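Inspection log for the structure reproduced underneath, given as structure tokens.
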Number of protein chains: 4
Amino acid sequence: MKKREVEASVKDERLVIKRRDQMIKGAVTLFKQKGFHRTTTREIARAAGFSIGTLYEYIRKKEDILYLVVDRMYDQIRERLQKDLDTNQGTVEALKLSIAYYFREMADMQDEVLVMYQEAKSLGKDALPYVLNKEIQMVGMFENVIGNCVKNGELDLTEQEVKLIAHNIFVQGQMWAFRRWALQKAYSLEEYIELQLDLLFHGMKEGKVKLGTGGEG
Amino acid sequence: MKKREVEASVKDERLVIKRRDQMIKGAVTLFKQKGFHRTTTREIARAAGFSIGTLYEYIRKKEDILYLVVDRMYDQIRERLQKDLDTNQGTVEALKLSIAYYFREMADMQDEVLVMYQEAKSLGKDALPYVLNKEIQMVGMFENVIGNCVKNGELDLTEQEVKLIAHNIFVQGQMWAFRRWALQKAYSLEEYIELQLDLLFHGMKEGKVKLGTGGEG
Amino acid sequence: MKKREVEASVKDERLVIKRRDQMIKGAVTLFKQKGFHRTTTREIARAAGFSIGTLYEYIRKKEDILYLVVDRMYDQIRERLQKDLDTNQGTVEALKLSIAYYFREMADMQDEVLVMYQEAKSLGKDALPYVLNKEIQMVGMFENVIGNCVKNGELDLTEQEVKLIAHNIFVQGQMWAFRRWALQKAYSLEEYIELQLDLLFHGMKEGKVKLGTGGEG
Amino acid sequence: MKKREVEASVKDERLVIKRRDQMIKGAVTLFKQKGFHRTTTREIARAAGFSIGTLYEYIRKKEDILYLVVDRMYDQIRERLQKDLDTNQGTVEALKLSIAYYFREMADMQDEVLVMYQEAKSLGKDALPYVLNKEIQMVGMFENVIGNCVKNGELDLTEQEVKLIAHNIFVQGQMWAFRRWALQKAYSLEEYIELQLDLLFHGMKEGKVKLGTGGEG
DNA sequence: CATGAATGAGTGTTCATTCAT
DNA sequence: TATGAATGAACACTCATTCAT
């Protein structure tokens with residue numbers, strides 16, 4: 001899927017990138033505070049440090065800004081994650097480290113995650129599939145590393161299981177942000193990571209009482 | 001936390017309930033399609049089958065509609081879940097059934113879940129804590145059943161683990177709705193339920209290769 | 001000019017009068033507080049002690065209520081004034097007493113005066129002339145008494161002067177109400193009356209310096 | 001009391017003044033015809049020659065327009081009056097000229113006076129005191145000139161009398177506008193001025209009959 | 001390239017008035 | 001007669017977007 005280009009009137013590419021950086025920076029802050037819909041283009045322009053007229057030299061519609069924000073965020077996360085995964089592959093130990101790394105990255109970008117999370121559906125019919133595609137890619141990255149562990153024989157999972165685990169990991173990374181109101185009261189980030197990893201790998205631990213009895217035997 | 005009452009101008013309680021039912025029904029459909037912000041009060045009125053004037057006889061502000069939708073949904077899910085949990089308690093087997101039941105309920109209310117999920121943050125400062133409280137209650141219900149299994153000795157988990165598992169279950173119930181674009185292509189609902197249950201209880205299964213060996217030691 | 005009748009659907013005349021009394025009473029209070037435009041028909045109905053439906057059994061349009069209020073007020077003032085003037089006629093002394101009486105009456109009906117004063121222009125093109133006519137009648141009453149004093153030889157004034165004095169008196173009666181924010185801080189009602197009477201009858205008193213010099217001599 | 005500034009979104013001060021001039025001009029005409037409440041913001045925008053959007057670039061709320069109108073009017077009258085009073089001070093002759101001048105000014109601004117008079121109470125709790133303060137200042141200007149005549153010995157009046165006379169003059173200036181329906185049928189402006197001045201300075205003239213006799217003594 | 005004034009469709013909300021019960 | 005639910009025209013105000021300078 002090709003990159004969905006947001007058209008700019010300005011030709012100077014350097015400038016386009018610079019201005020969009022300013023824009024995205026300002027927009028994230030505002031979206032975080034008031035959401036996409038309650039944020040006006042004027043506010044974004046002001047936060048970015050230029051006029052409303054200038055803003056529209058670099059985008060076509062308000063929605064473009066949201067797209068730019070979300071797009072940038074995905075790229076950042078994916079880039080970092082890719083770099084990490086490239087160096088750690090194939091072993092369960094490496095997988096654990098990568099998941100932990102991913103959780104920490106997501107915690108680091110909490111605000112952006114929240115924005116993406118809550119406003120993505122505001123993207124129009126054209127931008128949405130592109131964004132979903134990025135998610136699929138990211139989930140795919142986890143599928144790959146887990147899949148490698150399976151190939152190695154370190155894990156024994158079906159393809160279906162691999163896919164779902166990848167989704168679960170992906171969502172649990174977001175959870176820390178979007179359920180912060182509950183989770184961050186109960187756990188530190190490292191506690192959260194440790195617990196989730198444990199659950200991910202071992203599930204709920206059975207007690208001794210029923211050991212050997214009934215169940216799925 | 002007391003119920004946050006949405007005031008109506010109309011006195012006839014029966015009528016209020018009836019009209020609000022119509023309202024909620026119409027609103028959910030619209031919110032799902034276009035989100036809360038892009039849906040106009042006029043559209044909601046039309047979808048509900050009455051005029052804009054009548055709509056405002058039953059609410060005070062547009063936000064009230066969102067609150068009504070979310071509130072109703074929570075109540076429904078909680079009520080059904082409570083009823084289920086009341087009859088199935090204490091065993092892992094019952095817990096599994098309850099989780100499956102919960103997943104199915106959430107799948108059944110996909111649209112509402114989606115709306116709640118993406119629009120909840122649009123609720124004002126007064127309604128939001130009330131809604132979050134409802135979530136806490138629902139998560140608490142799962143904490144209880146799992147906790148009972150721990151007391152029985154059927155499960156061996158710390159309080160922290162219990163809490164996080166409850167959150168995970170809760171979120172996985174929502175996942176089916178808000179990640180439908182990916183999950184519902186890959187799994188049937190029953191497959192999804194079975195897989196998630198398996199992962200919840202057993203985690204990733206290790207292969208035989210590395211059995212007995214340490215990490216990178 | 002015939003009385004402008006406000007049509008009622010209800011036939012029972014006694015009831016019409018009773019309900020309209022309730023209505024006027026409630027309306028005056030509300031108009032005083034928030035003005036005619038900011039007062040809703042529902043509020044008036046509630047203040048009157050019956051439903052909005054019932055309200056409309058006794059009037060045709062909201063404006064009718066304003067008319068009813070203003071009309072009632074004029075009638076009251078005129079009635080009282082007439083009674084007073086009937087018994088005190090022809091002498092300057094009696095005129096002074098009547099003016100003082102009128103001032104006191106207006107002070108007594110301050111709220112109503114204020115309402116009439118500020119909202120009269122909200123009366124439609126049909127009701128307004130009728131109301132203005134009532135004012136003309138009241139001014140005419142003063143013209144008469146003053147005119148009688150002229151006929152008696154107690155006062156020496158042209159018709160034009162008589163008319164203007166009548167207007168001045170009329171307005172000075174209202175002044176106490178509509179300039180209350182300034183006058184009632186500086187004067188007691190009786191002081192106000194005494195001073196105005198003095199000025200009315202003697203004008204500004206010249207000092208001794210210029211006596212006999214230049215000017216209009 | 002500081003000037004209550006009405007905020008504009010537009011930065012160009014010259015433009016703000018120009019557009020507000022258009023606005024005020026259009027608004028006065030409309031307010032005169034239909035009153036403040038019955039005039040819509042769109043009508044004002046149209047009358048001013050620009051769009052509703054543009055209107056709101058120069059004000060924040062509809063009420064601001066009323067405030068602008070009233071404020072402008074007070075400033076104009078006071079400015080002119082001040083200029084006049086600065087050059088004519090201390091003598092009864094000058095006082096008469098000033099009063100006549102004031103009456104003519106008010107007649108010149110009839111429409112604005114009418115608007116101010118009938119709609120001032122529609123100003124919110126923040127703007128009203130500011131407007132009343134302007135009235136107090138204007139009344140104060142008359143108090144001063146009259147007071148000077150007293151100091152000169154040209155007039156023999158108490159402070160209380162001076163204050164009340166100032167109020168009377170002020171109101172009589174407005175009267176020509178708000179009782180136009182009666183006064184302007186009976187008098188020319190110059191007749192009105194001459195008569196009022198005469199009454200102000202000499203009051204009602206007693207006839208010869210009773211000369212020398214007391215009241216009811 | 002940058003600016004910011006101008007635009008007007010669109011939105012939430014109100015409220016006088018009607019009419020079936 | 002009395003009620004109050006229903007209606008929808010009307011209103012104040014917002015904001016994305018354009019375009020002349």
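Residue numbering restarts at 1 for every chain, and letters A, B, ... go by the order of the sequence lines. From a predicted model like this one, the values you see are computed outputs, not experimental measurements.
Between Y58(A) and dC1(E) there is no side-chain polar atom (N or O) within less than 4.0 angstrom of OP1 or OP2. Residue T41(B) places at least one side-chain N or O under 4.0 Å from the OP1 or OP2 atom of dG12(E). A close approach under 4.0 Å does not occur between any side-chain nitrogen or oxygen of K11(B) and OP1 or OP2 of dG4(F). At the phosphate of dA5(E), neither OP1 nor OP2 sits under 4.0 Å from any side-chain N or O atom of T54(D). Regarding contacts with the backbone of dG4(F), every side-chain N or O of Y56(C) stays at 4.0 angstrom or more from both OP1 and OP2.
A salt bridge is defined here as a Lys NZ or Arg NE, NH1 or NH2 lying under 4.0 Å from an Asp or Glu carboxylate O, and K32(B) with E112(B) fails to meet this definition. Between E43(D) and K34(D), at least one side-chain N (NZ, or NE/NH1/NH2) sits under 4.0 Å from a carboxylate O, which counts as a salt bridge. In this structure, D71(B) pairs ionically with K134(B), as a charged nitrogen and a carboxylate oxygen lie closer than 4.0 Å. Between E57(A) and R19(A), no side-chain nitrogen of the basic residue sits less than 4.0 Å from a carboxylate oxygen of the acidic one, so the salt-bridge criterion is not met. A salt bridge links D64(D) with R4(D): the closest approach of a Lys/Arg side-chain nitrogen to an acidic carboxylate oxygen falls below 4.0 angstrom.
In this structure, NZ of K62(D) is placed 19 Å from P of dT13(E), rounded to the nearest angstrom. Residue E63(A) contributes atom CD, which lies 15 Å from atom C1' of dT17(F) at whole-angstrom precision. Distance CG (L55(D)) to P (dT7(E)): 11 Å, rounded to an integer number of Å. Atom pair D12(D):CG and dA6(E):C1' shows a separation of 13 Å (rounding to whole Å applied). Rounded to an integer number of Å, the gap from E43(C) CD to dA16(E) P is 8 Å. Atom CE in M23(D) sits about 13 Å away from atom P in dA6(E), given to the nearest Å. Straight-line distance from the CG atom of L66(C) to the C1' atom of dA16(E): 15 Å, rounded to whole Å. Rounding to whole angstrom units, CZ of residue R14(B) and C1' of dT21(E) are separated by 18 Å.
Comparing I59(D) and F50(C) by the nucleotide of DNA chain F that holds the closest heavy atom to each, the one mapping nearer the 5' end is F50(C). Heavy-atom nearest nucleotides on DNA chain E were determined for G53(D) and for R60(C), and the one closer to the 5' end corresponds to G53(D). Two residues, T40(D) and I52(B), neighbour DNA chain F, and the one matched to the more 5' nucleotide by heavy-atom proximity is I52(B).
A donor-acceptor contact under 3.5 Å is not formed by the side chain of R38(B) with the base of dT11(E). Between the side chain of R42(D) and the base of dG10(E), a donor-acceptor pair under 3.5 Å is found.
Distances were taken from every side-chain heavy atom of V10(D) (C-beta onward) to each of dT7(F), dA5(E), dT1(F); the shortest belongs to dA5(E). Of the candidate nucleotides dT3(E), dA2(F), dT7(E), dT3(E) has the atom nearest to the side chain of E57(A).
Defined by atom type and a distance below 3.5 Å, a donor-acceptor pair is present between the side-chain atoms of Y117(A) and Y117(B).
Pairing of dG8(E), defined by two Watson-Crick or G-U wobble distances under 3.5 Å, is identified with dC15(F). Pairing for dA20(F) goes to dT3(E), judged as Watson-Crick or G-U wobble with the two contacts each under 3.5 Å.
Across all strands, R19(B) comes closer than 4.0 Å only to sugar-phosphate atoms, never to a base (heavy-atom distances). As judged by a 4.0 angstrom heavy-atom cut-off over every strand, S9(A) is placed among residues making no nucleic acid contact.
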